There are 2 protein chains.
Amino acid sequence: MMHRAEQRCRLPGWRDRIMSADEAAALIQDGMTVGMSGFTRAGEAKDVPLALARRAESDPLKINLMTGASLGNDIDKRLTETHVLARRMPFQVDATLRRAINAGEVMFIDQHLSETVELLRNKQLGKLDVAIIEASAITEDGGIVPTSSVGNSASFAILADKVIIELNLATPEAMIGLHDIYIPQMRPRRQPIPVTAPDTRIGTHYIPIAPEKIAAIVLTEGKDSPSTVQPPSADTQRIANHLIRFFEGEVEAGRLTSSLLPLQAGIGTVANAVMNGLIEGPFEDLTMYSEVLQDSTFDLLDSGKMTFASGSSITLSEACGQRVWNDLERYKERIVLRPQEMSNHPGIVRRLGIIAINTALEADIYGNVNSTHVNGTHMMNGIGGSGDFARNGQLSIFVTSSTAKRGDLSSFVPFVSHVDHNEHDVDILVSEHGLADLRGLAPRERAVEIIENCADPYYRPALRTYFEDACRRGGHTPHCLEKALSWHQAAIEHGSMRSVAL
Amino acid sequence: MMHRAEQRCRLPGWRDRIMSADEAAALIQDGMTVGMSGFTRAGEAKDVPLALARRAESDPLKINLMTGASLGNDIDKRLTETHVLARRMPFQVDATLRRAINAGEVMFIDQHLSETVELLRNKQLGKLDVAIIEASAITEDGGIVPTSSVGNSASFAILADKVIIELNLATPEAMIGLHDIYIPQMRPRRQPIPVTAPDTRIGTHYIPIAPEKIAAIVLTEGKDSPSTVQPPSADTQRIANHLIRFFEGEVEAGRLTSSLLPLQAGIGTVANAVMNGLIEGPFEDLTMYSEVLQDSTFDLLDSGKMTFASGSSITLSEACGQRVWNDLERYKERIVLRPQEMSNHPGIVRRLGIIAINTALEADIYGNVNSTHVNGTHMMNGIGGSGDFARNGQLSIFVTSSTAKRGDLSSFVPFVSHVDHNEHDVDILVSEHGLADLRGLAPRERAVEIIENCADPYYRPALRTYFEDACRRGGHTPHCLEKALSWHQAAIEHGSMRSVAL
């Protein structure tokens with residue numbers, strides 16, 4: 001292993017800092033705040049956090065853990081089971097951690113993914129004690145070359161007192177040059193961030209840090225967990241078709257060109273199906289300015305339909321992973337990974353005019369979207385980057401199946417039980433039944449579009465009745481407050497909303 | 001009048017385009033979309049819209065009306081009374097129009113103020129037929145020098161088929177040079193907007209348009225309506241004091257310097273009181289990057305505490321107006337008026353790290369804020385720019401008195417009846433009772449801060465009971481859905497929330 005490490009580590013004296021994951025984990029003290037690499041199950045530090053979990057079984061400790069976004073390899077699960085997590089931010093997708101969050105055992109701070117390091121840099125989240133960063137190489141100046149994600153790793157490494165590097169020898173050496181690391185200047189004299197297109201490179205290919213901060217180098221060979229995204233189903237294919245027809249209409253109306261605008265797609269099966277649908281669509285020279293480069297991104301690149309894709313991580317299925325990582329040199333000139341602060345930056349999203357495609361958990365008849373909270377109370381994953389893109393893009397699209405649980409739950413309700421994206425930020429809603437174009441419409445007009453185009457036909461009569469009753473009472477956004485949350489109450493009591501639709 | 005017009009109008013052949021307001025109003029046809037100047041009761045076109053209302057009494061017509069923000073001189077009132085308005089965007093404050101909106105008679109599209117012209121430019125709001133713009137001068141190339149606001153006037157004039165200019169001879173000639181007009185390039189190759197400080201000037205002092213588009217020049221002498229902002233009361237003074245102590249703490253903690261960061265303050269009595277409080281505070285070299293320059297802005301400039309203020313309009317009381325407009329030459333080097341797309345631009349707000357101070361109508365125990373809808377249904381004014389600033393600034397502060405209607409309504413409720421700003425975008429809440437610092441806190445922690453620091457003591461026991469009951473049921477954001485909106489139901493039924501607090 002040391003021999004292979006030598007190929008990747010140019011820092012003088014690096015051998016003196018090599019230690020085991022257990023030794024590195026011992027550098028972390030009870031009460032510390034730790035920033036770890038990892039974004040959408042890609043590029044997380046693997047061995048040290050698992051060593052920390054093992055240690056906590058006999059030597060209990062609590063930390064505040066920040067990451068880029070979700071982790072793979074059951075790391076959040078293990079850290080939750082061993083009660084290591086006091087606070088966790090800004091995103092997660094683990095079932096065990098989710099239970100602990102909803103039980104009030106772990107304090108979860110759900111943040112717009114572009115904001116975490118801005119808050120940290122401005123000292124609004126306290127001090128970062130340790131960063132644990134997975135690297136594919138270390139430069140002679142101590143610069144860290146990330147792996148399959150950048151996430152918040154760059155700012156974590158720069159702002160932390162100490163840095164633990166997991167040098168992952170199983171990552172392709174071709175990763176050098178994949179990343180573009182840029183950190184905004186400190187206020188008040190911050191300069192514009194000069195990204196003007198998805199392929200603009202503005203930074204370095206490594207994270208520049210003071211090499212004396214590197215407290216440990218741990219050699220690892222772990223793999224990212226494969227993507228859990230499912231192939232398109234009949235329903236997701238219908239959603240994709242509606243959206244592609246919509247894009248065709250926008251091109252005909254002169255509002256978009258045949259290369260559309262840079263695309264962002266949230267992680268998930270529906271968004272992936274939409275991106276897949278573009279392979280067969282009539283569009284050319286597509287680009288992506290997104291968070292996660294998924295299987296569909298590489299399918300689009302391979303099909304010749306997409307010319308360039310910018311993201312903050314690469315999260316792939318087993319099969320697609322083999323294809324991409326073994327041939328990275330060929331893809332590298334058409335992709336770039338940026339810090340999530342850049343991939344999701346509100347100013348860049350506005351400048352480029354992103355087409356943002358994200359998944360809704362539920363939407364109400366006026367187009368307010370809940371992305372996070374089941375029945376208004378129980379956290380699923382987190383808002384992620386959806387707010388960064390939906391607020392600032394040129395087109396903000398939310399997709400969802402019209403029902404869940406075999407029709408027991410309607411995804412279109414009178415009043416969402418939690419608001420992540422309000423009506424101002426939702427231009428287009430799409431379900432398998434159709435597409436509601438809400439641009440330039442007042443709430444009473446939005447309701448008709450949403451009920452008649454997106455809601456499941458089974459629930460439409462009840463939604464119409466609610467809306468008509470509400471309109472009789474008046475208001476810009478009419479409601480019957482005593483019934484507004486009754487659909488969710490039925491879901492809690494009976495596991496089904498069907499009773500309200502009778 | 002023609003003689004005085006000559007001083008201000010350099011466009012060759014301008015005399016041929018002079019007409020009366022009635023003649024100009026006749027250029028507007030039924031079904032047209034019209035963009036008018038005017039932002040926070042400042043700089044609106046005055047005579048032509050009132051002539052249009054008169055005409056509609058005998059010759060009914062409907063238009064879609066876009067402005068910068070609110071209008072003065074009862075223009076929205078008159079246009080509503082004469083049934084001219086089919087659709088209205090993006091903001092209003094008029095009682096008569098508000099009633100028509102809530103009755104469903106006028107379709108109101110409530111928008112983030114930075115977004116309207118972006119949508120228009122991208123053809124997402126249809127075509128703009130006519131722009132009616134108040135001007136203080138016309139350059140020899142047909143460039144329009146605005147008056148006390150820029151708002152959306154620049155893009156309206158550039159994008160409209162025809163432009164009607166109201167050349168207001170009562171405005172100070174010193175207005176030339178007050179404005180900085182910059183229009184973003186078309187996507188996909190838009191360049192960064194080079195504003196890096198409140199005092200950066202990046203554009204022209206006039207709106208550049210093709211002079212042949214000027215269909216009419218109407219000479220006017222109308223005045224802006226004076227500001228309706230009230231002087232600080234005991235309660236608003238307490239809110240200001242809490243906030244100033246908070247800023248002092250931030251300076252001590254090294255998170256802010258003694259010049260803070262550029263300030264934004266929403267229009268309204270509370271925000272004005274806070275700005276007033278800074279005159280006596282220990283801060284120096286303050287700057288403002290806001291929408292509206294109010295009385296307090298000029299008091300801060302005169303006190304020597306503020307060095308520069310950037311806005312999109314100037315809205316003043318009668319007395320302050322006399323002081324400022326008669327001495328504009330002296331103030332002009334320390335203020336600038338920009339298009340609202342620039343004053344509220346998400347990328348600039350993020351870059352500068354604005355301290356955003358806006359007024360909440362109500363907030364819930366988790367820090368979600370309702371800025372617009374009384375009891376979730378009835379529109380007050382609109383979201384305005386609060387979302388542009390709260391989402392992207394370094395500090396997002398919302399202020400409100402803890403109760404309304406002599407204590408009958410609590411401004412802090414279990415569940416807001418409408419969400420304009422969700423918990424992700426609300427850092428600090430302040431009432432006359434105290435300040436809740438919500439940064440880095442999970443929802444269950446936020447609830448304690450908000451209930452114990454901000455809510456009125458009369459309502460605290462009921463909020464505590466709700467929160468404790470909800471926590472027993474679990475969830476990241478615990479709620480009892482069947483009671484969540486009961487406070488608003490009580491307000492609707494009894495005009496008071498007092499019964500829920502028993």
Side-chain angles (χ1 to χ4, degrees), chain A residues 101-104 107-112 122-125 187-194 196 254-255 261 346-347 350-353 368 373 375-379 383 387 391-392 394 417-420 422 424 439-442 444-445 471 474-479 481-482 484-485 488-489 492, chain B residues 101-104 107-112 122-125 187-194 196-197 254-255 261 346-347 350-353 368 373 375-379 383 387 391-392 394 417-420 422 424 439-440 442 444-445 471 474-479 481-482 484-485 488-489 492:
Chain A
I101 289 167
N102 286 319
M107 293 295 104
F108 177 55
I109 296 93
D110 179 26
Q111 290 175 320
H112 298 301
N122 300 330
K123 305 180 192 167
Q124 298 191 77
L125 295 176
R187 294 164 179 152
R189 285 277 168 181
R190 182 176 293 181
Q191 294 304 300
I193 298 163
T196 56
R255 287 189 287 267
L261 279 165
R350 177 76 158 250
R351 186 183 301 152
L352 300 185
N368 298 288
H373 282 69
N375 291 322
T377 55
H378 283 64
M379 172 57 63
I383 193 167
R391 172 66 62 87
N392 298 301
Q394 173 156 336
S417 56
H418 181 89
V419 177
D420 290 293
N422 58 29
H424 312 286
R439 293 175 295 176
L441 299 187
R444 288 172 188 237
E445 299 169 310
C471 284
H476 176 60
T477 305
H479 275 297
L481 291 192
E482 77 284 3
L485 292 167
H488 302 90
Q489 287 172 250
I492 293 170
Chain B
I101 289 169
N102 286 318
M107 293 294 104
F108 177 55
I109 296 94
D110 179 27
Q111 290 175 321
H112 299 300
N122 301 330
K123 306 179 191 168
Q124 298 191 75
L125 295 176
R187 294 163 180 152
R189 285 279 167 179
R190 183 176 292 180
Q191 294 303 302
I193 298 163
T196 55
R255 287 189 286 266
L261 279 165
R350 177 77 159 250
R351 186 183 302 151
L352 300 184
N368 299 288
H373 281 69
N375 292 322
T377 56
H378 283 64
M379 173 57 62
I383 193 167
R391 172 67 62 89
N392 298 302
Q394 173 156 337
S417 56
H418 181 89
V419 177
D420 290 293
N422 59 28
H424 313 286
R439 292 174 294 175
R444 288 172 189 237
E445 299 169 310
C471 285
H476 176 60
T477 305
H479 274 297
L481 290 192
E482 77 285 3
L485 292 167
H488 302 90
Q489 288 172 247
I492 293 170

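Just so it is clear, the values below take in all heavy atoms, side chains as well, and ignore hydrogens, waters and symmetry mates. Letters A, B, ... mirror the listed sequences (proteins, then strands); counts begin at 1. Please read these numbers as outputs of a predicted model, since none were measured by experiment.
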When only pairs under 4.5 Å are counted, which of A:P346, A:P188, A:A484 shares the most heavy-atom pairs with chain B? A:P346
Working for side-chain contact (heavy atoms from CB on, under 4.5 Å), residues A:T196 and B:Q191: CA-CA 6 Å; A:T196 56; B:Q191 294 303 302; 3.8 Å; yes
Nearest atoms (heavy-atom pairs only) where A:R189 meets B:A197: NH1-CB, 3.5 Å
As an exercise: rank A:H378, A:R190, A:R187 by heavy-atom pairs under 4.5 Å with chain B and give me the winner. A:R187
Quick check on the interface: out of B:N375, B:N122, B:N392, who has the most heavy-atom pairs with chain A under 4.5 Å? B:N122
Output for pair (B:D420 CG, B:D110 CG), nearest 0.5 Å, gives 7.0 Å
Part of B:I383 lying under 4.5 Å from any heavy atom of chain A: side chain
Residue from A:G347, A:G104, A:G387 scoring the most non-hydrogen pairs under 4.5 Å with chain B is A:G104
Least distance between heavy atoms, B:P194 atom then A:P192 atom: CA-CG, 4.3 Å
Could you tell me which non-hydrogen atom of B:H476 sits nearest to which non-hydrogen atom of A:F108, and how far apart they are? CE1-O, 3.0 Å
Turns out that what part of A:R351 lies under 4.5 Å from chain B's heavy atoms comes down to both
Chain B contact via A:H373 - side chain, backbone, both or neither, heavy atoms under 4.5 Å: side chain
Contacting moiety of B:P478, where chain A heavy atoms sit under 4.5 Å: backbone
At a 4.5 Å cut-off on heavy atoms, which part of B:R350 comes close to chain A: side chain, backbone, both, or neither? both
Please classify the contact of B:L125 with chain A as side chain, backbone, both or neither, using a heavy-atom distance under 4.5 Å. side chain
In terms of heavy-atom proximity below 4.5 Å to chain B, should A:I492 be classed as side chain, backbone, both, or neither? side chain
Testing the basics here: between A:S417 and A:G376, what is the closest heavy-atom pair and its distance to 0.1 Å? OG-N, 2.8 Å
If every non-hydrogen atom of B:N102 is compared with every non-hydrogen atom of A:R444, which pair is closest and at what distance? O-NH2, 3.2 Å
First locate atom CG of A:N368, then atom NE2 of A:H424, and finally report the distance between them rounded to the nearest 0.5 Å. 8.0 Å
Per-residue contact mode, B:Q111 against chain A (heavy atom under 4.5 angstrom): backbone
Taken in chain and number order and not counting sequence neighbours, the residues that satisfy side chain to side chain donor-acceptor pair (under 3.5 Å) with B:R391 are A:H112, B:D425
Contact leader toward chain A among B:H488, B:E445, B:M379, where contacts are heavy-atom pairs under 4.5 Å: B:E445
From the list A:Q124, A:E482, A:H418, A:H479, the residue making the most non-hydrogen contacts under 4.5 Å with chain B is A:Q124
If one checks every heavy atom of B:L261 against chain A at 4.5 Å, the contacting part turns out to be side chain
